[in-house]
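What follows is a single structure, written as structure tokens, with notes after it.
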2 protein chains.
Amino acid sequence: MPKAVTLSDVAREAGVDLSTASRVLRGTGRVSATTRQRILDAADRLDFRPNAQAQFLATGISKTVGVLTINGYGTFTLPVLAGLTSTLGQQDVATLLYDVREDPEILQESVKKFRARQIDGLLVLGDGLQAPLHSVTANLQVPVVYAFATSDSPDDSCFMPDGEMAGRIAAEHLLALGRRRIATVTAADDIAAADRTRGLVETIRSAGGSLALDQPLERDWTRLWGAEAAERIADRIDEVDAVFCGNDQIALGILGVLRARGIRVPEDVALVGYDNWEGMVGQGNNLLTTVDPRLSEIGAAAARALVHAIDGSAAPGAHHEPCELVTGESTLGVGAAGPRDATTYR
Amino acid sequence: MPKAVTLSDVAREAGVDLSTASRVLRGTGRVSATTRQRILDAADRLDFRPNAQAQFLATGISKTVGVLTINGYGTFTLPVLAGLTSTLGQQDVATLLYDVREDPEILQESVKKFRARQIDGLLVLGDGLQAPLHSVTANLQVPVVYAFATSDSPDDSCFMPDGEMAGRIAAEHLLALGRRRIATVTAADDIAAADRTRGLVETIRSAGGSLALDQPLERDWTRLWGAEAAERIADRIDEVDAVFCGNDQIALGILGVLRARGIRVPEDVALVGYDNWEGMVGQGNNLLTTVDPRLSEIGAAAARALVHAIDGSAAPGAHHEPCELVTGESTLGVGAAGPRDATTYR
DNA sequence: CTGAAAGCGCTTACAG
DNA sequence: CTGAAAGCGCTTACAG
């Protein structure tokens with residue numbers, strides 16, 4: 001292991017004190033142009049990399065943040081996590097991850113470990129569904145940001161997908177295609193589902209219409225529920241020419257039954273899903289028109305917010321990140337859109 | 001911000017020198033039982049957490065590892081990444097992630113940043129498909145482990161799913177169910193596909209049989225290919241009573257066409273997929289019997305190997321992590337297996 | 001068994 | 001504008 005070159009090496013090479021070298025390398029304090037150049041050259045020549053650990057000790061900044069994960073391996077949290085860590089990595093900050101699994105004891109453990117490690121901030125990664133998390137902000141003396149979760153304290157900085165926007169862009173797309181009898185099939189008793197439904201219904205109302213079948217059809221997130229709902233829709237097919245589905249599973253369930261009953265998609269009934277599940281799995285079949293929540297962007301936004309908060313400018317409150325419509329055959333028909341031809345609404 | 005308690009505080013509280021306190025707290029060197037106890041009590045009373053940054057500087061260990069990601073947001077790399085970071089987190093080591101996107105310049109960049117940060121080791125996270133990665137082991141003076149990838153240097157420590165085992169347990173399951181005319185539909189020109197096929201064929205041969213339809217049907221990983229292959233199978237239905245599919249997409253494509261043509265699954269043809277894609281998406285429909293590559297375990301195993309390598313005991317060579325059969329309706333029929341009732345083969 | 005001292009590699013008032 | 005010094009909080013030979 002070749003001895004690493006240190007700041008003293010650079011100082012000696014440039015013939016100055018190491019405090020002077022430190023100043024020019026951090027760009028702080030006045031230094032004469034020639035001295036500065038000499039030092040910069042020396043650093044360059046020696047290919048100097050400051051020892052981050054030493055800097056951390058001297059400055060009290062660790063350039064590492066803690067990440068607390070509620071359901072670390074959840075399909076939907078995975079992209080958020082990747083967005084988090086990769087954005088943090090770009091900013092040169094490391095990540096110390098603990099999977100909490102809603103176990104309060106582990107939480108205590110983690111907080112202790114975090115303290116030892118002098119983390120600069122904490123990211124709490126939820127599962128995107130649950131009720132508000134109990135705020136841990138007060139327990140720490142570093143900034144906290146909640147990603148894919150909300151906290152029960154209104155001053156906390158939280159990042160979530162914009163469910164209302166999802167409903168809105170789905171409605172706008174369907175209305176633009178001339179659909180006027182838009183129904184929705186989704187999960188019951190779910191805040192996220194309710195947000196999407198609200199965005200949908202409000203947009204339909206603004207256009208002078210109302211939700212087809214009067215009420216949302218609500219039960220759960222499964223393909224099976226989609227299939228059953230499709231039977232009901234098929235029985236009242238005159239009243240429906242489009243369905244916004246709570247997720248892609250439901251959409252797929254509906255698609256299968258509708259086709260089996262001889263109802264054409266999208267000619268008779270257009271379908272819009274949510275999750276961009278195919279996109280996630282990298283297939284790009286373009287079967288379904290769907291709303292992509294851009295989960296990795298949720299993580300990225302939360303990470304950026306945390307870095308800013310560490311720098312002193314917090315962004316308290318709930319933030320809803322924009323989603324994106326990804327068009328496919330279930331609204332445009334076969335061959336209408338190129339593969340992964342995403343239309344972005346803002 | 002309440003001043004943190006330091007080792008000197010503990011030493012003073014216990015009435016000893018801080019070097020002595022350091023020794024007992026790290027469990028190194030002989031110290032009398034009573035002194036030891038006094039120090040331990042003091043540390044406890046003060047709730048002392050050693051400043052990790054200071055320890056790092058003093059010992060030269062950073063407790064952070066670099067992670068280089070080839071395709072950071074790939075559906076299949078996501079669980080591996082989560083397995084990595086979470087296993088590392090449990091061991092109290094932080095993670096510094098850079099997404100390389102096969103860009104050699106970024107790689108150089110990253111190596112420099114890693115050097116500055118004194119990382120203890122490096123994890124290279126591949127995409128599970130590509131040809132061997134170019135080994136970067138020689139460029140660093142810290143241990144390197146490749147996860148979900150192989151390197152072009154045979155001494156490197158690499159962790160991959162066990163593709164042959166996947167084919168084997170699929171075959172064993174189908175044979176156990178009495179199937180004797182097993183075909184396979186998979187991708188062409190793909191090492192991973194070839195491994196699974198080999199495991200399948202060898203197991204069938206050991207049982208005294210041979211692959212149905214003589215040859216593997218090979219093209220790509222899409223559902224569309226599954227559907228087309230299913231047409232061919234349907235035309236020669238007498239020769240086939242089971243299909244091992246290269247992935248779940250293909251399986252789903254086959255399933256749809258077979259049913260549309262009045263061929264019963266699993267009664268006439270049993271289907272086994274690969275990826276446990278449904279499981280990934282958290283639905284647990286149990287529609288498909290499939291082989292779960294346990295991707296997060298790949299990451300976990302690689303992380304453990306890296307930690308061991310850092311401690312001095314490397315595990316060079318290619319490691320194939322066991323996969324797992326997850327049974328579903330496509331081989332056992334409706335209601336046969338409970339939800340996510342996984343059968344583990346070893 | 002225990003203490004006094006040097007050192008890890010930087011940063012940052014403080015003088016001059 | 002630049003240098004000498006103290007300090008960040010620990011670890012670890014080295015004496016005694």
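Please read all numbers here as calculations on a predicted model, not as lab measurements.
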Next on the checklist: Please enumerate all residues that pass side chain to side chain contact (heavy atoms under 4.5 Å, CB included) together with Ile61(A), with sequence neighbours excluded.
Outcome noted: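 Applying side chain to side chain contact (heavy atoms under 4.5 Å, CB included) to Ile61(A) gives Thr59(A), Lys63(A), Asp120(A).
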Item to check | Ser151(A)-Ser153(A) side chain donor-acceptor pair, cut-off 3.5 Å | outcome: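 Checked: Ser151(A)/Ser153(A) side chains show no N/O donor-acceptor pair below 3.5 Å.
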Next on the checklist: Just by distance, no angles: are the side chains of Ser86(B) and Asp99(A) close enough, under 3.5 Å, to form a donor-acceptor pair?
Outcome noted: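 No donor-acceptor contact under 3.5 Å links the two side chains.
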Item to check | Non-neighbouring partners of Phe159(B) that pass ring pair (Phe, Tyr, Trp, His ring centres under 6.0 Å), sequence neighbours left out | outcome: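 Ring pair (Phe, Tyr, Trp, His ring centres under 6.0 Å) list for Phe159(B), sorted by chain: His319(B).
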Item to check | Rounded distance (Å) that lies between atom C1' of dT2(C) and atom CZ of Arg36(B) | outcome: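 Atom CZ in Arg36(B) sits about 13 Å away from atom C1' in dT2(C).
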Checklist entry - Taking only residues at least two apart or on different chains, which pairs with a member in residues 134-157 of chain A satisfy ring pair (Phe, Tyr, Trp, His ring centres under 6.0 Å)? => result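 Pairs touching residues 134-157 of chain A that pass the test: none.
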When the side chains of residues 88-95 of chain B are checked against the rest of the protein, which donor-acceptor pairs come out under 3.5 Å, sequence neighbours left out?
unit_1, atom_1, unit_2, atom_2, d
Asp92(B), OD1, Tyr98(A), OH, 2.6

Item to check | Consecutive Watson-Crick or G-U pairs in runs of at least 3, all under 3.5 Å, in which DNA chain D is involved | outcome: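 Only these stems qualify: C:1-3 with D:14-16, C:5-12 with D:5-12, C:14-16 with D:1-3.
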Item to check | N/O donor-acceptor pair under 3.5 Å between Arg38(B) side chain and Ala14(B) backbone | outcome: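 A pair under 3.5 Å: yes.
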Next on the checklist: Using the rule given for side-chain hydrogen bond (donor to acceptor under 3.5 Å, both in side chains), can you reason through Ser19(A) versus Asp17(A), listing the C-alpha separation, both sets of side-chain angles and the distance that settles it, and then say yes or no?
Outcome noted: CA-CA 5 Å; Ser19(A) 62; Asp17(A) 187 82; 2.6 Å; yes
Checklist entry - What does nucleotides 8-16 of chain C look like as a protein-contact string, B for base, S for sugar-phosphate only, - for none, at under 4.0 angstrom between heavy atoms? => result BBBBBB---
